[in-house]
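What you see is a predicted model; the values in this text were computed from it and never measured. Order of the sequence lines fixes the chain letters, A, B, ..., with proteins taken first and strands second; residue numbering starts at 1 for each chain.
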Amino acid sequence: MKKFTFTLLAAALVAGCNVNEDFDLSKTESDNLTFGNENSLFEAPMVSITIDLDEQFSSTTESLSTRASSDKSFADYVSEYDELIPSSYSQDGVDLQLLADQEDSSYRDTFIEELVTEAVTDEGKSETLASLVYDNWDSLDEIDPEIKDVLTESEIDYTADKDAFVGAFSTTLQSEDSTLASAITTTASALVQQNISELTDEIQAQDISASIDAIALPDDILKMITDNLDGENCSLRLFARIVNNIPFDFSLNTPTIEAISGYVLTMEDNLENDRLESNEISSDNLTEILEGINVVTTLSITTFYPSSSTKSETETEQSEGYSITIELGLIKSGAITL
Amino acid sequence: MKKILLPLATIFAIASASAQDVTSYFMDDSYNSMQHNAAFAPDRGYFTIPLIGGISFNTSGNITLGNIIYNVDGSMVPFFDGSVSKSIALDDLKKGTNSIGVSNSLDILSFGNYRANHKDFWSFGISLQTQVGLSAPYEFFEFMKCAGENGQSYYEIEDISLQAESYAEFALGFSKVVSEKLTVGAKFKLLAGLANAQLSIDNMTIDINDSEWSVNTTGSMDISAAGIEIATMMENGNTYYDLDDISAAINSPAGWGAAIDLGATYDLFHNLQLSAAINDLGFISWKKSSTVSGTIANNVTYSGVDINSDEGVELEMDDIKVTPTEAKSGAKSIQATLNFGAEYDILGDRLSGGIVSTTRIWSKTTTSDLSAIVTGRPFSWLSASMSYTFTNKQANSVGLALNFSPSWINVYLATNILTSELSKQYIPINQSNSYVTLGIGIPIGKRSLRSKFTKFEEEQE
């Protein structure tokens, strides 16, 4: 009786168990471990491409119709801009588009006033202005015929050699000859505008290109990024961001990123993020890109930052070599696979 | 990361397999009741059958198997699976620390008997205790499910810890009736530490932005066991432990310790007894010679491929590198438990009702249960208890216990998983604290004068 009662109770305990046969731990699958969710957005660096602009400009001069006769390095361009632009603009830079504005000269007028004012005390600037006048002597009549009269009255002899002219011009200007300063303001305005426009055009016409044989993205990163792409909750894009090591503000003109296999990636501006972003790509596209790419683009420069009279150590280092770095990265929408 | 998460999920899963048996708290004819309060004593003396005299599997904590493993469209997947939505996964987790512990107790040998006065009881037992505990903050789980949302790219997670401990316990207990109303008891325990492992990640920062992915981890590791050896490996000029190559010969204690259980009961009225106990208040001091220690100071950074470098780039987010440091001996406390109870007898002691509060003290947190218990003693050879336990202020589990004690044997069975939904492996799905306890012993001697039956019979006479 006692045994029976206990056995019955014990059996009832076991039989009363509420077992969910569908909750079978032996069938636990662990091949889709992720972090994040369908609303997640992950951005990962992929590769950095540093382009030496001095090297680019020197090696491709022949291909440029606009610079066929020139062999300027990028440093030469920077130097020419530096000579023409007052150092007072070193902080905020010179807006090259406003400077070239044909319809509204107010920005340029202020710029020229500052340039001439600086030239009065800055021998380098006055020599630059003198050279501009000397080199464009024949066309001065079209710009401002009175400038020649002023120069003559100032006993600056164009017929002398250039060095003598430049020397006399600078000396007269630095003696605070207001007549001369006033006269060259009008002239310089046109000349500087023309000169800077030419420099800008030349830089912007230069192809910037780089080739990478292969991008050895770590397997674990690649797997995390591409494993669960389905185009709906999980998608992949590329982004390109520029690291600037030149004294210009610029943008890249819709760079072409072409994989060695022929796959061409189209990038578009994402102004909100201040970078370029591609359309959606597949994992196969990414594989093609990782096998090697050619990047071709041109610069669209907007602002130039002249060096200040007292260069910082960083600026000195920069002047030793100008480069830009294009950072390519991945944008993954959706969860990351572990 | 997968290397970390899979064992973590497994530990959670195993942990859910098996809390201390509170249902038998007022079952004073069972020798198992002494586990709750050192002042308690069974009706009769006993000795247990070696190895099956007392076996218990327990889980405790504040999360459940159902918080870790999900059935999604017929597939069993872990918390970290992509098909488990963040709302489902995070809703039942606690803000703050989420913890789970597994413990197993195996009586190797035990016996106890009354003194000649049939009131004071002494006992001796040898048992093997194993405990594994894991705790992680809510932020860890939140990161796993919500990383990359709302533009957030920086995360800081603190205090992830994994502890495992095994020790042999030699316990000598004594329960003394001080007065008609007051009974006190104490159990002195000598602890022989067999193995101990503690891995603590004190701080983990994760930065996943478009310029750099980095994971910085700091923490420590201590493993103690007789003959413990961990191979080392060189990497980038640094020496690390090779955690895949650990050997030990657990043939002697790696540390010694002591603990004490203290308890008391007080009969406030004839039918109302109050009880209080603190159990396992103690420590084990692990030997320096049997301990390996290390620090974790990992800084893994990935910032893209450097095309000018011949070296490959790796982002080993799943490896925890431990740098060897000088081993140190140290005392580590064991998990203590506080029990408070009140029992009211009715129907001539044939039936009683009571409440018990249990608080488990973890290393960095505590968990508490409150149980309502009804205990029936229909026959002198059979008693049964039923409990309803509230865990973390939520109705949680129903426990049942049977004690079958005819004159020649005492069989004891208790569990609180019967009314729970169980997995196919009989693991509670939505219950954080669970227990299954079985014990078989041989009663010796006469029923004591402390026995409720004896008192009842005396009153009848």
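Top candidate by heavy-atom pairs under 4.5 Å with chain A, chosen from G74(B), G148(B), G151(B), is G148(B). Of the listed residues (I429(B), V77(B), N71(B)), the one with the most heavy-atom contacts under 4.5 Å to chain A is I429(B). Heavy-atom pairs under 4.5 Å with chain A peak, among K86(B), K145(B), Q152(B), K424(B), at K424(B). Comparing D213(A), V47(A), V19(A), L330(A) by how many heavy-atom pairs each has under 4.5 Å with chain B, the most go to V19(A). For chain B, the option among P45(A), S26(A), G36(A), S40(A) with the highest count of heavy-atom pairs below 4.5 Å is P45(A).
In this structure, Y77(A) and F74(A) have tilted ring planes: the angle between them lies in the 30° to 60° band. Between F80(B) and F141(B), the ring planes are parallel. Angles under 30° get that label, and only those over 60° would be called perpendicular.
Note: F35(A) and F143(B) meet the aromatic proximity criterion, with ring centroids under 6.0 Å apart. Taking the six-membered ring for Trp and the full ring otherwise, F23(A) and Y70(B) have centroids separated by 6.0 Å or more.
If you measure heavy-atom distances from E212(B) to chain A, the contacts under 4.5 Å come from the backbone alone. For A44(A), the parts lying under 4.5 angstrom from a heavy atom of chain B are both the backbone and the side chain. For a residue to count as touching a neighbouring chain, one of its non-hydrogen atoms must lie under 4.5 Å from one of that chain's; by this rule L41(A) touches chain B with backbone and side chain alike. Proximity to chain A (any heavy atom under 4.5 Å) is restricted, for S420(B), to the backbone atoms N, CA, C and O. N209(B) touches chain A through its backbone: at least one of N, CA, C or O sits under 4.5 Å from a heavy atom, while the side chain does not.
Side-chain contact, T325(A) with T50(A): a donor N or O sits under 3.5 Å from an acceptor N or O. No hydrogens or angles considered: nothing links the side chains of N32(A) and T34(A) as a donor-acceptor pair under 3.5 Å.
A 4.5 Å side-chain heavy-atom check between M27(B) and Y412(B) finds at least one atom pair inside the cut-off.
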